[in-house]
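Here's the structure, in structure tokens; my notes come after.
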Amino acid sequence: MVFVTAGLVFLVARNLSWRVLGPSPGSFQLAQFFPQGLAGAAVRIYAAVSAGLVESIFFIGLPWLWYSSASQRPSELQFTIAVSAIFALAHWEHGRHGVIAAFFAHGVMCRWFLRWKTLWPVVLGHTLIDLAVFA
């Protein structure tokens, strides 16, 4: 579910922003630097799994632990918007379309995390999205 919903939101947001804002002047794509063949496949898998795991922990899991332990618990919507903005800005190297798409896709991933109260489906979904992007 995470892969399908967040992946679709990513594609729609990226393509819509492309149509509205025009081409992005400086879009960096990490996958262009991956080697070819079997080594390239191993690098792509490693990059996708590590990004899915590390980014989910640092941009959802740990902030949620800190956020939910506050004496006055703020709203889940505020949490989602704040960490999605930080996540999006961390993806600045992909250009403005990547930042916009990352913001909305991360918002969907946060909502799934808040619904299920576990990070593992988000890690798997994020990993699958990155595998598709790196392909």
Side-chain angles (χ1 to χ4, degrees):
M1 286 301 293
V2 176
F3 170 68
V4 172
T5 55
L8 284 174
V9 166
F10 179 88
L11 289 174
V12 168
R14 186 190 64 190
N15 293 344
L16 252 163
S17 70
W18 189 275
R19 283 193 176 270
V20 172
L21 302 174
S24 188
S27 183
F28 171 79
Q29 298 300 322
L30 182 64
Q32 69 188 359
F33 298 106
F34 291 160
Q36 298 298 317
L38 187 57
V43 170
R44 282 177 171 76
I45 291 169
Y46 173 78
V49 170
S50 63
L53 181 63
V54 171
E55 290 180 356
S56 297
I57 290 170
F58 281 99
F59 292 109
I60 298 177
L62 290 176
W64 180 251
L65 288 175
W66 175 73
Y67 198 72
S68 64
S69 67
S71 58
Q72 180 183 3
R73 188 170 173 184
S75 76
E76 291 179 351
L77 180 60
Q78 289 174 333
F79 170 79
T80 299
I81 291 170
V83 295
S84 294
I86 295 167
F87 178 81
L89 292 174
H91 289 78
W92 63 270
E93 75 276 5
H94 298 293
R96 61 183 173 216
H97 307 302
V99 169
I100 292 167
F103 175 81
F104 288 106
H106 193 266
V108 170
M109 289 188 277
C110 282
R111 299 311 298 167
W112 281 121
F113 166 74
L114 293 168
R115 178 182 174 143
W116 290 328
K117 303 294 186 214
T118 181
L119 208 51
W120 289 113
V122 174
V123 170
L124 179 62
H126 189 159
T127 299
L128 291 173
I129 290 169
D130 283 352
L131 279 173
V133 169
F134 294 156

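Heavy-atom basis, side chains included; hydrogens, waters and symmetry copies ignored. Since the structure is predicted, the reported quantities are computational estimates derived from the model, not experimental observations.
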**Asked** Relative to each other, are the rings of H106 and F59 parallel, tilted or perpendicular (30° and 60° limits)?
**Response** perpendicular

**Request:** Could you tell me whether a side-chain N or O of H97 sits under 3.5 Å from a main-chain N or O of G22, the two making a donor and an acceptor?
**Result:** yes

**Message:** Given L53, which partner from the list V123, L119, T127 fulfils the side-chain contact (heavy atoms from CB on, under 4.5 Å) test?
**Reply:** V123

**Message:** Rounded at 0.5 Å granularity, tell me how far CZ in R111 sits from CG in L77.
**Reply:** 6.5 Å

**Request:** Report yes or no: do V83 and V2 belong to one cluster of Ile/Leu/Val/Met/Phe/Trp/Tyr joined by side chain heavy-atom distances under 4.5 Å?
**Result:** yes

**Prompt:** With side chains defined as the heavy atoms from C-beta onward, is the minimum distance between H91 and E55 less than 4.5 Å?
**Reply:** yes

**Item:** Main-chain N/O of R14 paired with S17 side-chain donor or acceptor, under 3.5 Å
**Value:** yes

**Asked** Going by the angle between their ring planes, with limits at 30° and 60°, are F79 and Y67 parallel, tilted or perpendicular?
**Response** tilted

**Message:** Assess the residue pair L16 and F104 against the criterion (side-chain contact (heavy atoms from CB on, under 4.5 Å)); give the C-alpha distance rounded to whole Å, side-chain angles, the decisive distance to 0.1 Å, and a yes or no.
**Reply:** CA-CA 12 Å; L16 252 163; F104 288 106; over 6 Å; no

**Prompt:** Does any N or O in the side chain of R96 come within less than 3.5 Å of the main-chain N or O of P23, such that one atom is a donor and the other an acceptor?
**Reply:** yes

**Message:** So V43 and F134, do their side chains get closer than 4.5 Å, heavy atoms only?
**Reply:** no

**Prompt:** After noting the C-alpha distance and the side-chain angles of W64 and L114, does the key distance pass the side-chain contact (heavy atoms from CB on, under 4.5 Å) rule?
**Reply:** CA-CA 9 Å; W64 180 251; L114 293 168; 3.7 Å; yes

**Verify same cluster id: L131, F34 (apolar side-chain graph, 4.5 Å)** = yes

